[in-house]
Amino acid sequence: MGRMTSPAEHEKRALRAELRERRELLTSLEKERSTTGLTDNLRALVSRFGATSIACYLSSPSEPDTRPFLQWAQEAGIRILFPITRTDGLLDWTIGEEGIETVGFAGTPEVVGTTLGPIAINDVDLILVPAAAVDAHGMRMGWGRGYFDKTLGSMERCPPVYAVLYDTEILDEVPSEIHDEPVGGAVTPSRILDFDQVRPRR
Ligand SMILES: Nc1nc2c(c(=O)[nH]1)N(C=O)[C@@H](CNc1ccc(C(=O)N[C@@H](CCC(=O)O)C(=O)O)cc1)CN2
Ligand SMILES: Nc1ncnc2c1ncn2[C@@H]1O[C@H](COP(=O)(O)OP(=O)(O)OP(=O)(O)O)[C@@H](O)[C@H]1O
């Protein structure tokens, strides 16, 4: 499109490729082992905030497995909003009343259900976002489509936002651009991190 590529964009692309490759190298045993801890930590986070309503995504095979946690949350009567990718780069949300899974526009697993618009996410008590990496200031890098930056950037008041990722993806520093939205914390298979944010959320 003739746009200039900034150093941060370039760095992000290289880092994403490295992180993607690292995830692809995890064995199914390593992944299975990490699921128990991740599920415990996600449950603990819900308890900590007393969340009765959350936003979370269905993980794809290379991502830390959110599914056992989602199963627990559903059984516990927690309202879950799942993202639906739109062609315009925004996210719709659904509670997925059909209980059916499909593949979305961007290639990630999605749930089928009545579509709620982008602002439906304003109501939740806790937001769990996918991430490729985060740093100690809560700077987050996603997989490069800007869906969550746009979603979080458009929220007037934002509930706690935690990135879900593997331990090795917590880095000293993540390349950042002006539109990048920080997260308040991160959840990995071994811990829950809370960041001191440089740029406080509105
Ligand atoms: N499970 C899951 N659902 C999710 C996300 C996610 O990261 N994980 N999303 C989080 O936003 C949204 C979808 N985001 C996506 C972001 C990038 C690509 C993608 O195909 N990226 C290319 C490379 C892009 C690049 O590196 O520049 C690729 O992976 O080949 C797909 C979906 C909504 N749902
Ligand atoms: N708030 C925004 N408004 C408009 N465009 C945006 C916004 N945030 C990000 N973008 C655009 O989206 C693209 C991807 O951004 P970036 O590389 O930061 O995504 P990411 O953080 O990896 O993705 P995601 O948020 O989906 O996990 C960039 O071209 C960027 O300009």
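In this text the structure is predicted, and so the values were computed from the model without any measurement. Atoms within each ligand, like the ligands themselves, are counted from 1 in listed order. All heavy atoms count here, side chains included; hydrogens, waters and symmetry mates do not.
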**Request:** Find all atoms of ligand 1 within a distance of less than 4.0 Å from any non-hydrogen atom belonging to Tyr57, and give their numbers and elements.
**Result:** 1 (N), 2 (C)
**Prompt:** What's the shortest distance from atom 17 (O) of ligand 2 to any protein heavy atom, and which residue and atom give it?
**Reply:** Arg16 NH2, 2.9 Å
**Asked** Once you round to the nearest 0.5 Å, how far does CZ of Arg20 lie from OG of Ser62?
**Response** 8.5 Å
**Message:** Strictly less than 4.0 Å: does any protein heavy-atom distance to atom 10 (N) of ligand 2 fall in that range?
**Reply:** yes
**Item:** Donor-acceptor contact below 3.5 Å, side chain Tyr57 vs main chain Leu128
**Value:** no
**Item:** Side-chain donor/acceptor of Arg22 to backbone N/O of Thr168, under 3.5 Å
**Value:** yes
**Request:** For Leu58, take its heavy atoms, then give the atoms of ligand 1 lying under 4.0 Å from any of them.
**Result:** 1 (N), 2 (C)
**Prompt:** Which heavy atom of the protein is the closest neighbour of atom 31 (C) of ligand 1, given with residue, atom name and distance?
**Reply:** Ala106 O, 3.3 Å
**Message:** On a heavy-atom basis, I'd like to know which of Arg13, Arg20, Glu110, Arg86 is closest to atom 26 (O) of ligand 1.
**Reply:** Arg20
**Identity and separation of the nearest protein heavy atom to atom 12 (O) of ligand 2** = Gly146 CA, 3.5 Å
**Asked** With a cut-off of 6.0 Å (strictly less than), are more than 12 heavy atoms of other residues, nucleotides or ligands near CD of Glu97?
**Response** yes
**Asked** Of the backbone atoms (N, CA, C, O) and the side-chain heavy atoms from C-beta on, which set of Tyr147 has a member under 4.0 Å from an atom of ligand 1: side chain, backbone, both, or neither?
**Response** side chain
**Asked** N/O to N/O below 3.5 Å, does that happen between Gly144 and ligand 2?
**Response** yes
**Fill in**
heavy-atom search around atom 11 (O) of ligand 1 in the protein gives Phe148 CD1, 3.5 Å
**Under 3.5 Å donor-acceptor, Asp149 side chain and Gly146 backbone** = no
**Message:** When you measure from the heavy atoms of Glu181 to every atom of ligand 2, does any distance fall below 4.0 Å?
**Reply:** no
**Message:** Counting only heavy atoms closer than 4.0 Å, does ligand 2 sit against the backbone of Asp180, its side chain, both, or neither?
**Reply:** side chain
**Prompt:** Just wondering, do Arg48 and Asp194 contact through their side chains at under 4.5 Å, heavy atoms?
**Reply:** yes
**Request:** Give the residue, atom name and distance (to 0.1 Å) of the protein heavy atom nearest atom 26 (O) of ligand 2.
**Result:** Tyr147 N, 2.7 Å
**Complete:** protein heavy-atom neighbour closest to atom 15 (O) of ligand 2 works out as His179 NE2, 3.4 Å
**Message:** With heavy-atom distances below 4.0 Å as the criterion, list the atoms of ligand 1 near Arg16.
**Reply:** 26 (O)
**Prompt:** Is the side chain of Glu30 donor-acceptor paired with the backbone N or O of Thr27 at a distance under 3.5 Å, no angle test?
**Reply:** yes
**Message:** Please determine whether the number of non-hydrogen atoms from other residues, nucleotides or ligands lying under 6.0 Å from atom CZ of Arg33 exceeds 12.
**Reply:** no
**Message:** Under 3.5 Å between any N/O of Pro83 and any N/O of ligand 1: does that happen in this structure?
**Reply:** no
**Item:** Residue and atom name of the nearest protein heavy atom (relative to atom 25 (C) of ligand 1), distance in Å to one decimal
**Value:** Trp143 O, 3.6 Å
**Fill in**
Test side chain to side chain contact (heavy atoms under 4.5 Å, CB included), reference Glu110, set Thr94, Asp92, Thr85, Ile100, output is Thr85
**From Val46, Leu126, Asp125, Val124, residue fulfilling side chain to side chain contact (heavy atoms under 4.5 Å, CB included) relative to Ile78** = Val46
**Request:** Write out the residue and atom name of the closest protein heavy atom to atom 2 (C) of ligand 1, then the distance separating them to 0.1 Å.
**Result:** Glu63 OE1, 3.4 Å
**Asked** Side chains of Pro130 and Phe148: closer than 4.5 Å at any heavy-atom pair?
**Response** yes
**Message:** Do Ser53 and Leu81 make a side-chain contact, defined as non-hydrogen atoms from C-beta onward lying under 4.5 Å apart?
**Reply:** no
**Complete:** Of Glu9, Arg140, Lys150, Glu177, the residue with the heavy atom nearest atom 4 (C) of ligand 2 is Lys150
**Item:** Atoms in ligand 2 flagged as close to Phe148, the criterion being non-hydrogen separation under 4.0 Å
**Value:** 24 (P), 25 (O), 26 (O)
**Asked** How far is atom 5 (C) of ligand 1 from its nearest protein heavy atom, and which residue and atom is that?
**Response** Pro130 CG, 3.8 Å
**Message:** If the cut-off is 4.0 Å to any non-hydrogen atom of Thr108, which atoms of ligand 1 fall inside it?
**Reply:** 2 (C), 3 (N), 4 (C), 8 (N), 13 (C), 32 (C), 34 (N)
**Asked** If every non-hydrogen atom of Cys56 is compared with every non-hydrogen atom of Phe69, which pair is closest and at what distance?
**Response** SG-CE2, 4.3 Å
**Residue Asp172 excluded, over 12 heavy atoms near CG under 6.0 Å** = no
**Asked** Are the side chain of Asp180 and the backbone N or O of Glu177 linked by a donor-acceptor pair below 3.5 Å?
**Response** yes
**Message:** Treating Arg67 as the side-chain partner and Ser59 as the backbone partner, does any N or O pair qualify as donor plus acceptor under 3.5 Å?
**Reply:** yes
**Request:** Quick one: look up the protein heavy atom nearest atom 29 (O) of ligand 2 and list residue, atom name and how far away it is.
**Result:** Arg3 NH2, 4.9 Å
**Prompt:** Which residue supplies the protein heavy atom nearest to atom 33 (C) of ligand 1, what is that atom called, and how far is it?
**Reply:** Thr85 CG2, 3.6 Å
**Asked** What is the closest protein heavy atom to atom 21 (O) of ligand 2, and at what distance does it sit?
**Response** Asp149 OD2, 2.8 Å
**Message:** Return the closest protein heavy atom for atom 16 (C) of ligand 1 as residue, atom name and distance.
**Reply:** Arg145 CG, 3.3 Å
**Prompt:** Strictly under 4.0 Å, does any heavy atom of Gly153 approach an atom of ligand 2?
**Reply:** no
